[in-house]
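Reckoned from all heavy atoms, side chains included, excluding hydrogens, waters and symmetry mates.
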Amino acid sequence: MFDICIIGGGVAGLMLAHSLPASMSIAILTKEDSFTSNTALAQGGIAASLAPYDSPATHAIDTMLATADHAHHERVEMLVNEGKLLIEKLMSQGLPFDANSLGLPELGQEAAHTQRRILHAGGDQTGKMLMHYLLKQTQEKVTRLPFHAVLNLKMEEGRCTGAIVSDQHGHKQFIKANHVVLATGGIGQLYSQTSNSPIATGDGLSLAYHAGAILEDLEFVQFHPTIFTLNGKSCGLISEAVRGEGAFLVNQDGIRVMKDVHPLMELASRDIVARVIEWHWQKNDPIYLDARHIHRFEMKFPSIYANCMRHGINPLHDLMPVRPGAHFHMGGIQTNDVGETSIPQLYAIGEVASTGVHGANRLASNSLLEGLVFAERLAKRLEENAIRSGTAFDKELVSSFIPFSSAHMQRRMTEHIGIIRTGAGLSDFIQEFPLHPRNLEEYSIDEIQQIHRYTASSLIAHSAFLRTESRGGHYRQDYPAVSEEWTGKIIEQSINGTSISTRKIERKETVK
């Protein structure tokens, strides 16, 4: 029996453990080892208004502008104000960061930021160094359970009381806890092209859905514009920070493809850049990143340089072929501003959660910041140890399940729920993979893991089909414009069905 069971060991899960008092018993379950997470792969850095010329207010405006008029403005204010103070505190406590000759943070530039405000460590190894820091801070505080896959959440009288897991030997066990926190990360591996870790298969969405929780904004998937791509295969991320340092996007004739598309060119928001690159690829016009003119590239981006060299591309002399890939999920499990879901004793933080701060299109490097800020907010809530009452749901569950090829579903997701979507393609996918809640206790371990992937994919497809407009990371070719009718509207899904609610947004020009 634990006080807190944290499912996931990336930035959000570890920061929560770090922020909780040592008197609490804490278990951290990870699908594989600690470094098989998206956090460990994060290259860009952490956005925070640390410079004297910057401010949380400016950071908030940049965030609202990028998020396509869909972000929860009050929570954006929490993110940028509390985030600045939290990062300053962590830096004073030993969080590593790259510094200039005066010992001050050497802040980077990324797309859609009007200021240089990206804190990084080890050049392009911020996530890995952040993981090392948080693992060290929590090593005496937690019970680590690596290679434990969560199969199902245990529900009693409408409350979550623990998790049913499988260890690396295939043995099932029940981890009982007063509070269960989903920090399972993203969904990138639902697609053929992705920057994500192999374990990012959307399990948390399916676990929450089958437990009866509300999910929202699932249609908003961010595709990173520059995945290093060779022979049709994703070979790793090329950080936006490379474009921030001046790299160009060019076609095979050396022509800059963003020149007449957007005044910010390569530093336009990710959804715009990704669509342009993908459009060229679909016209058999490969796109390349030209970073040959960047001074000391190999020093500024050591892991990107090493990865390219391993694949026979020298960024100092060669163009790097790039194509968009699934990168970040703006939507997720609906939470309030302290990480509580609609299910008592079940919480969500990090990428699997939908706090509303990313709206329809996340601003670069706000993700690590969100994981840190909302983990600390949840820690304060959990210290109160409040147990809310719940209501058990009564829903007919489907027993049959036909196994499928994961590669086939990835291809179908990429074709129909990818960067460019159509109503016909979404409808085809939904007919092929209809959404059904299932009694997970009736299935084998392998079947349950497939069901999680299947359920997450189907949930995203349903939301994408219902949203008849284009906004941020959701682009419908048959509805290519933003619709005023959809502004502020949220598609909510749960085991009880679908509903539309309204988010508390504020016009970006009035953000203070």
Side-chain angles (χ1 to χ4, degrees), residues 11 35 38-51 53-54 62 87 91 95-133 195 224-230 234-250 256 258 264-268 270 273 277 287-322 325 327 363-369:
V11 59
F35 280 89
N38 280 344
T39 298
L41 297 175
Q43 296 175 347
I46 307 170
S49 54
L50 303 174
Y53 52 75
D54 200 2
D62 290 350
I87 296 302
M91 289 168 63
L95 178 72
F97 62 91
D98 294 341
N100 59 24
S101 59
L102 299 176
L104 299 173
E106 190 167 3
L107 301 173
Q109 178 73 55
E110 289 189 354
H113 289 271
T114 57
Q115 306 291 342
R116 294 184 74 91
R117 66 164 67 96
I118 313 303
L119 184 76
H120 48 88
D124 55 3
Q125 301 176 82
T126 307
K128 189 178 293 183
M129 297 188 78
L130 177 59
M131 287 285 291
H132 279 296
Y133 171 78
S195 64
H224 198 289
T226 52
I227 305 296
F228 182 41
T229 304
L230 290 171
S234 299
C235 298
L237 179 69
I238 298 180
S239 170
E240 194 158 288
V242 176
R243 281 175 285 134
E245 290 300 312
F248 307 141
L249 287 165
V250 299
R256 290 183 67 174
M258 293 300 298
L264 293 176
M265 293 193 285
E266 281 81 5
L267 296 182
R270 287 178 172 176
V273 180
I277 297 174
I287 298 300
Y288 302 86
L289 197 62
D290 185 354
R292 295 173 295 182
H293 55 285
I294 294 179
H295 182 57
R296 299 176 68 204
F297 180 96
E298 70 281 13
M299 301 293 290
K300 292 178 179 177
F301 306 106
S303 67
I304 295 173
Y305 176 76
N307 183 50
C308 287
M309 292 294 286
R310 277 195 300 271
H311 289 89
I313 300 290
N314 184 343
L316 306 185
H317 306 292
D318 303 325
L319 299 176
M320 296 173 279
V322 293
H327 185 60
L363 180 64
S365 290
N366 269 357
S367 53
L368 292 178
L369 187 70

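Leu230 contributes atom CG, which lies 6.5 Å from atom NE2 of His311 (distance to the nearest 0.5 angstrom). If you take CG on Leu316 and CE on Met309, they are separated by 7.5 Å, rounding to the nearest 0.5 Å. With values rounded to the nearest 0.5 angstrom, Phe301 atom CZ is found 5.5 Å from Ile294 atom CD1. Considering CG of Leu369 and CD1 of Ile118, their distance stands at 9.5 Å, rounded to 0.5 Å. One distance of note links CD1 of Ile46 with CG of Leu95; it measures 5.5 Å at 0.5 Å rounding. Here the straight-line distance linking atom NZ of Lys300 with atom OG of Ser239 works out to 13.0 Å at 0.5 Å rounding.
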- Item | Evaluation steps, side chain to side chain donor-acceptor pair (under 3.5 Å), between Asp98 and His120 | CA-CA 6 Å; Asp98 294 341; His120 48 88; 2.8 Å; yes
- Where do Asp318 and Met320 land on the side chain to side chain contact (heavy atoms under 4.5 Å, CB included) test, with the steps shown first? CA-CA 6 Å; Asp318 303 325; Met320 296 173 279; over 6 Å; no
- Message: The test is side chain to side chain contact (heavy atoms under 4.5 Å, CB included); show your working for Phe97 and Ile87 and say whether it passes.
- Response: CA-CA 11 Å; Phe97 62 91; Ile87 296 302; over 6 Å; no
- Item | side chain to side chain contact (heavy atoms under 4.5 Å, CB included) between Asp124 and Tyr305, worked out | CA-CA 10 Å; Asp124 55 3; Tyr305 176 76; over 6 Å; no
- Message: Under the criterion side chain to side chain contact (heavy atoms under 4.5 Å, CB included), I'd like the reasoning laid out for Arg292 against Leu319: C-alpha separation, chi angles, the key distance, then a yes or no.
- Response: CA-CA 8 Å; Arg292 295 173 295 182; Leu319 299 176; 3.8 Å; yes
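Here Ser49 pairs with nothing under the side-chain hydrogen bond (donor to acceptor under 3.5 Å, both in side chains) rule; sequence neighbours left out. Qualifying side-chain hydrogen bond (donor to acceptor under 3.5 Å, both in side chains) partners for Ser195, counting only residues two or more places apart in sequence or in other chains: His327. With sequence neighbours excluded, the residues forming a side-chain hydrogen bond (donor to acceptor under 3.5 Å, both in side chains) with Arg243 are Glu240, listed by chain and number.
Ile287 pairs in a side-chain contact (heavy atoms from CB on, under 4.5 Å) with only one of the listed residues (Val250, Val273, Leu249), which is Leu249.
Under a 3.5 Å cut-off, the side chain of Asn307 and the backbone N or O of Cys235 do form a donor-acceptor pair. Listed for the Ser303 side chain is no donor-acceptor partner under 3.5 Å among the backbone atoms of Gln125. Between the Asn100 side chain and the Glu106 main chain, no donor and acceptor come within less than 3.5 Å of each other. Listed for the His113 side chain is no donor-acceptor partner under 3.5 Å among the backbone atoms of Gln115. Side-chain N or O atoms of Tyr53 include one that pairs as donor or acceptor with a backbone N or O of Arg116 at under 3.5 Å. Between the Ser234 side chain and the Thr229 main chain, no donor and acceptor come within less than 3.5 Å of each other.
Aromatic ring pairs are classed by plane angle as parallel below 30°, tilted from 30° to 60° and perpendicular above 60°; the pair His293 and Phe248 is parallel.
Nearest heavy atom pair, residue Leu368 against residue Gly45, reads CD1-O, 3.6 Å. Summarising the geometry of Pro105 relative to Met91, their closest heavy-atom pair is CG-CE, 3.5 Å, with the distance given to 0.1 Å. Glu110 and Ala364 make their closest contact through OE1-CB, 3.1 Å (heavy atoms, listed as atom of the first residue, atom of the second, distance). The minimum heavy-atom distance between Val322 and Ile238, with the atom names listed, is CG1-CD1, 3.8 Å. Contact record, Pro315 with Cys308: CG-CB, 3.7 Å, taken as the closest heavy-atom pair. Residues Ala47 and Asn366 share a closest heavy-atom pair of CB-OD1, 3.5 Å.
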